[in-house]
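Just below is one structure, and these are the notes that go with it.
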Amino acid sequence: MIYVAEVIVDVPSMQTDNAYSYLIPDSLGDEVKVGMRVEVPFGKGNRHVQGFVLGTHYYQSLAELDNHDMKEIVSVLDLAPVLNDEMLALADEMAKSTFAFKITCLQTMLPSVMRASYEKFLVKKSELPADIELQLFAGRHEVNWDEAVASDFFPRLMGLRQKESIDVRYEVKKRNRSKVIQGFQGKLGVEEYHEAQKGLRKGSTQKENLLLFLQDSPADKVWSIKEVEEEFGISRNTVKAGEKSGWLEIVEIELQRDPYADRIFEADYHKQLNDEQQSAFNQITASMASESHDTFLLQGVTGSGKTEVYLQVIAEALEQGQSAIMLVPEISLTPQTVNRFKRRFGDEVAVLHSGLSTGEKYDEWRKIERKEARVVVGARSAIFAPLENLGVIVIDEEHESSYKQDESPRYHARDLAQWRAEKHQCPVVLGSATPCLESRARAQKGVYQWLQLNQRAVSAAQLPSVSVVDLRVEAAKGQMQSFSETLLTKIQDRLDKNEQSVLMLNRRGYSSFVMCRDCGFVLPCQNCDISLTLHMDSKKMKCHYCGHEEGIPNVCPSCNGHKIRYFGTGTQKVEEELKELFPEARILRMDVDTTRRKGAHEKLLEQFGNHEADILLGTQMIAKGLDFPEVTLVGVLNADTALNLPDFRSAEKTFQLLTQVSGRAGRAEKAGEVVIQTFNPDHYAIQYAQEQNYEGFYKREMVTRHQGNYPPFFYTVQIVASHEDENMAAKKMYQIVLELQKVLSPNSIILGPTPKTVARVNNRYFYQVVLKYKQEPALNEALRKILNDSQLDIRQGLKITIDVEPQQFI
DNA sequence: AGCACGCCGACT
DNA sequence: GTCGGCGTGCTC
């Protein structure tokens, strides 16, 4: 019998995006199973790569094989499959719908530690020239490839390789090592131990102790050697001797790193649902019972108790012996959220988020795989949790753009959730106070079941009063600062009353830059078509696109003038202003700079929650999911920076952000107040946000979308080509447009080609085309063809990305 | 991706 | 005449 495995190899390229057949050597016989990772030789030279087994089959004889010379699988990297059939099928679907390589999809589904790392070595085979021997090998049998490349000997080493004095060795390294400790397990029955005891030599007290211990311990019980040594005084050596006598077996015990092990979670019980919550709960659970796969849009204002509905729906799934996935945006995976789930579901919860170390993530994943956790709470990638028998998938804050991955595979967690829901015959619940237009429109059309929560669950809580300050008027009054008089008065008032304020600086598409007041010169990045941003903490000018850094100029490089000043408003600058205005106030700043370190985000929030500061100043990140009862004032310093971006979603994003941040004010008994500073007080996004009127905004925005032929009326696809040579990128996009014009129906719209807003990043030029269409059955195939036909250009340094339903158009 | 094969310019 | 450039093809 000849066993063959179909393997997708870890070479992400168009040409290798298919399975290769490998012989399964007899030695690995029944170890190789579908869904496992294997190490296989691939290509010339001794190169080894990681691969995923997608299928196995066997042949009676070599004659049956039409494939002539297959190579053999080198080794198996897993004891059990790491991807089940559902996940393999999902990877296939993802590759198809997002135009990604299969291998990239497979890797994305697993914790990052399971991605192999490769190392290359030069191995000495016979006597080497003295200088190489002495200075490079220095007595070692082999040296790392990188070390050899860095040395002066490299060209000569390649010559020696030709003469076979040196060989190259490849290593595929497994990184998913579970933490293990030594343990042992009894092998014999009570009677046999009794017999063994009789046969002992007089004075063998240690061994006798061990035998007595084994007799008393339950069969199959695995003991930790260390614990037994400490608690029962049976030494490590005695256990080893016991193994020699065949009484017991030494085994490895896989240790769990539980990031929440040292915390105690107070149990939390179901709260009484109000009528609306109850109705939502009933409809979702009815869908669960009916084994259909409905999508629900649970739309509820801040404080309406969406989370309690999620929790009870998930509890119901568990009750039915099923499992559940709860997706939340990364930024709101704060201890507040996690605690709530831990308190309700205890050890049944596995948490997956970027705050965990790679080892911890792996352990949480293993916990799910071993079916020890039936509830998974996590960010986007938690949609790949290998749960079986799913009862419900919840996506909280469904409008968040972080549910779409902005690199390949460009999947949207919502789409994959719906795919999985169909497989498991279970509902998907999308929750939000401000649903994205697409979802809200689908609810309107009855594609989604629409559930509304209009009452605030906590009866005492009132909606905050929102006032809008016209910055144009403020500017006319004279010296322009970041704060209007209205806002300053209110901040002072909170300080006097010892209440807290949250101030948000909307930095999207805007930041502080340096400009010469004489000639208007703005310092640009040398690699990108964008101005450099001032970073006061490091006293450097930085490019946010490519990371380039340089010093802050004192003199204008263009006119040699000395009036070079910063413009725009960064959080650092506002913080300084605040300190000057309110010297007595304790201020916390929260932005990318102060939250870069692991856990810094949580720590800042905790400090603020403990009222160790009066003012929290931050960027968008403060808008999401924090709940501080002492906060009675929320100020938005510049509401409209995002409004002017060339993106059809800018009004929606602005409305959502303002509504969300407003919800941070006055969540307890104290009434909250919100001040929005803006240059566009008449813009509908600002006005509806002031009224906290989602429905009004939805209706108005739908008109704009309809007029502009944008989603939800049209689907969109973005195609981007980039190249070091601007002409190459532009030429390719024109060529693509010609191709598309041949296949697209006249109802579809092609925008472009145009250079991207930032046309040059890292010395590459970017050109894009946006497609808008209602129905194009042949589009997928046409795009595939474009990718396939572009292989020559890709070789010449062209990069093409296809983004289906892009979230960002700039 | 990464490696070998192959066919044209500046060197021993 | 050869070393080495990078265009092209292929990887079970």
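Lettering follows sequence order; numbering is per chain, from 1. FYI, side chains are in, hydrogens and waters are out, and symmetry mates aren't considered; it's all heavy atoms of this structure.
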Practice problem: For A:L23, report the nucleic acid contact type (base, sugar-phosphate, nothing); a contact means any heavy atom under 4.0 Å. | Solution: nothing
Quiz item: Which ones in residues 98-108 of chain A lie close to DNA chain B, meaning a heavy atom under 4.0 Å from one of its atoms?
Solution: none
Practice problem: Considering only heavy atoms of chain A and a distance under 4.0 Å, specify the first and last nucleotide of DNA chain B in 5' to 3' order that meet this criterion. | Solution: B:dA1 to B:dA4
Quiz item: Going by heavy atoms in the side chains, are A:Q50 and A:Q107 under 4.5 Å from each other?
Solution: yes
Self-check item: NZ or CZ of A:K423 within 45° of A:W419 ring axis and under 6.0 Å
Solution: yes
Quiz prompt | Separation of C:dC12 P from A:Y22 OH (nearest whole Å) | solution = 5 Å
Quiz item: Listed by chain and number, what are the salt bridge (charged side-chain N to carboxylate O under 4.0 Å, His left out) partners of A:D789, not counting sequence neighbours?
Solution: A:K785
Self-check item: Rounded distance in Å - CD1 (A:I24) to C1' (C:dC12)
Solution: 13 Å
Self-check item: Residue A:M70, side-chain atoms from C-beta onward, closest of C:dC12, C:dT11, C:dG9
Solution: C:dC12
Self-check item: Heavy-atom neighbours of A:L738 CG exceed 12 at 6.0 Å
Solution: yes
Quiz prompt | Audit row: A:K404, A:D803, salt bridge (Lys or Arg N to Asp or Glu O under 4.0 Å) steps and yes/no | solution = CA-CA 10 Å; A:K404 172 100 191 263; A:D803 193 347; 2.5 Å; yes
Quiz item: Starting at CZ of A:R47 and ending at C1' of C:dT11, how long is that distance when rounded to a whole Å?
Solution: 8 Å
Quiz item: To the nearest angstrom, how far is A:E39 atom CD from C:dC12 atom C1'?
Solution: 16 Å
Quiz item: Closest to the A:Q796 side chain: C:dT8, C:dC12, C:dT11?
Solution: C:dT8
Exercise. Describe, in one word, how the ring planes of A:Y59 and A:H57 are oriented to each other, choosing from parallel (under 30°), tilted (30 to 60°) and perpendicular (over 60°).
Key: perpendicular
Quiz item: Rounding to a whole Å, what distance do you find between A:L792:CG and C:dG7:P?
Solution: 12 Å
Quiz prompt | A:M728 backbone acceptor or donor facing A:H723 side chain under 3.5 Å | solution = no
Exercise. Have a look at A:Q15 and say if it touches a base, only the backbone sugar-phosphate, or nothing, with a 4.0 Å heavy-atom cut-off.
Key: base
Exercise. Measure from CD1 on A:I8 to P on C:dC12 and round the result to the nearest Å.
Key: 14 Å
Practice problem: Step through it carefully: locate the ring centre of A:Y411, locate the ring centre of A:F384, and say whether they are under 6.0 Å apart. | Solution: yes
Quiz item: What is the distance from NZ of A:K44 to C1' of C:dG9, rounded to the nearest Å?
Solution: 9 Å
Exercise. Report the distance from atom CD1 of A:I794 to atom P of C:dG9, rounded to the nearest whole Å.
Key: 15 Å
Quiz item: So does A:K731 have more than 12 non-hydrogen atoms from other groups sitting under 6.0 Å from NZ?
Solution: no
